[in-house]
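One is the number of the first residue; the rest follow in order along the sequence. Counting starts at 1 for both ligands and their atoms, in listed order.
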Amino acid sequence: MSPRERAYRTEAVVLRRHELGEADRLMTILTPHYGKLRVVAKGVRRPRSRKAGHLELFTRAQLLLARGRELDIVTQAESADTFPTLQTDLNRLAHAAYAVELLDCFAVAEEENRPLYRLLVDTLARLDQGSDPGLVTRFFEVRLLDLAGFQPQLFECRSCAAETRPEDQYFSFEAGGVLCPNCGAQQRAVRRLSLGGLKVLRHFQRNTFEAVVGLKLGAAVQRELETLMEGYLTFVLERRLHTPEFIQRVRALLPATIPIEATPEA
Ligand SMILES: [Zn+2]
């Protein structure tokens, strides 16, 4: 976009919205070309606004924006995908909110990042279309860490560089990956990483979603990886995340499901 251009078109996903004045909304959106943007949608809270239904949270839309003095202004909006299941299924919504919160933390304002945008759209679609929310979310975390330059080392010990053997390991947030049983046992600020958990993370690092979607994660591995990844992401971001608590609250409301105790062959 040249700085002189008065208007531009972009696809975008709505990450956050705040009410502004009487009828406007301040929105944080993610775009493929311009990165994360803060924009204003005027009059969108009026009952007859033509833009309103196209700018819901997490909606993917085609926008026409006009350059403003401080913030750009949405002049037209047409939703391309509203991900309807996310609006009706609280558990899927909570996982989408978590993915969006993480992405919001990592995305850079006004900096093109197509892979990051693609990852967000794919993740919302997967959550919307019925894939296991836990599996979708763990895969998202692994991919997001790759794109953000924090891919954890899972193939050799971060301390002695010995090749990782098929046994339980330790994981160090500070070192950014696995520590072998020898090195890990001598450190205090480390987590345990089971062989099952290690296999899943490695499998996610090396494969496409299509290749991992059939995986049935056991309840114990799910819990282990959920805690580990949340801890690692919080460490990397140096801030507390809000949405994991939302997921826990929703989970407490859901009927208990029978855990599937199969482990992957990764
Ligand atoms: Zn070691």
Side-chain angles (χ1 to χ4, degrees), residues 95 98-99 101-103 105-108 113 115-116 119 122-123 132-245 247-248 259-266:
H95 283 82
Y98 173 70
E101 183 183 17
L102 278 179
L103 199 122
C105 292
F106 281 107
V108 178
N113 193 334
L116 199 64
L119 177 65
D122 286 347
T123 301
D132 172 13
L135 184 102
V136 172
T137 306
R138 301 291 85 77
F139 186 81
F140 167 77
E141 290 165 333
V142 169
R143 280 285 162 277
L144 183 67
L145 285 166
D146 286 1
L147 290 176
F150 293 98
Q151 183 185 67
Q153 169 59 261
L154 301 172
F155 294 87
E156 61 178 50
C157 172
R158 291 289 285 157
S159 180
C160 72
E163 193 185 335
T164 301
R165 296 158 57 89
E167 57 189 335
D168 291 357
Q169 306 285 328
Y170 290 91
F171 189 97
S172 161
F173 296 160
E174 219 160 14
V178 291
L179 295 179
C180 71
N182 262 341
C183 296
Q186 297 164 31
Q187 304 238 358
R188 283 171 59 204
V190 290
R191 308 278 180 110
R192 287 197 169 265
L193 174 60
S194 71
L195 176 60
L198 175 72
K199 281 182 175 178
V200 172
L201 291 180
R202 281 181 168 202
H203 193 50
F204 284 4
Q205 262 188 6
R206 291 187 297 192
N207 288 286
T208 62
F209 185 74
E210 288 64 36
V212 309
V213 67
L215 220 57
K216 298 271 182 273
L217 300 185
V221 167
Q222 281 262 25
R223 262 197 310 276
E224 178 189 359
L225 294 182
E226 183 175 350
T227 310
L228 184 80
M229 285 292 106
E230 189 199 322
Y232 184 46
L233 285 155
T234 305
F235 175 85
V236 164
L237 289 167
E238 297 180 331
R239 75 163 91 169
R240 193 177 152 262
L241 297 163
H242 300 288
T243 44
E245 208 179 306
I247 293 177
Q248 297 302 338
I260 302 157
E261 290 296 351
T263 48
E265 293 301 318

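- R138 places no side-chain N or O within 3.5 Å of a backbone atom of L201 that could act as its donor or acceptor partner.
- Of all protein atoms, those of element N, O or S that lie under 2.8 Å from the Zn ion (ligand 1) number 4.
- Of the possible donor and acceptor atoms, none in the side chain of E245 sits under 3.5 Å from a partner among the backbone N and O of L241.
- Using a distance-only test at 3.5 Å, with no hydrogens or angles considered, a donor-acceptor pair links the side chain of E101 to the main chain of T243.
- Checked against side-chain contact (heavy atoms from CB on, under 4.5 Å), F235 has the following partners two or more places apart in sequence or in another chain: F173, E174.
- Between the Y170 side chain and the Q186 main chain, no donor and acceptor come within less than 3.5 Å of each other.
- Panel note: side chain Q153, backbone A175; no donor-acceptor pair is recorded below 3.5 Å.
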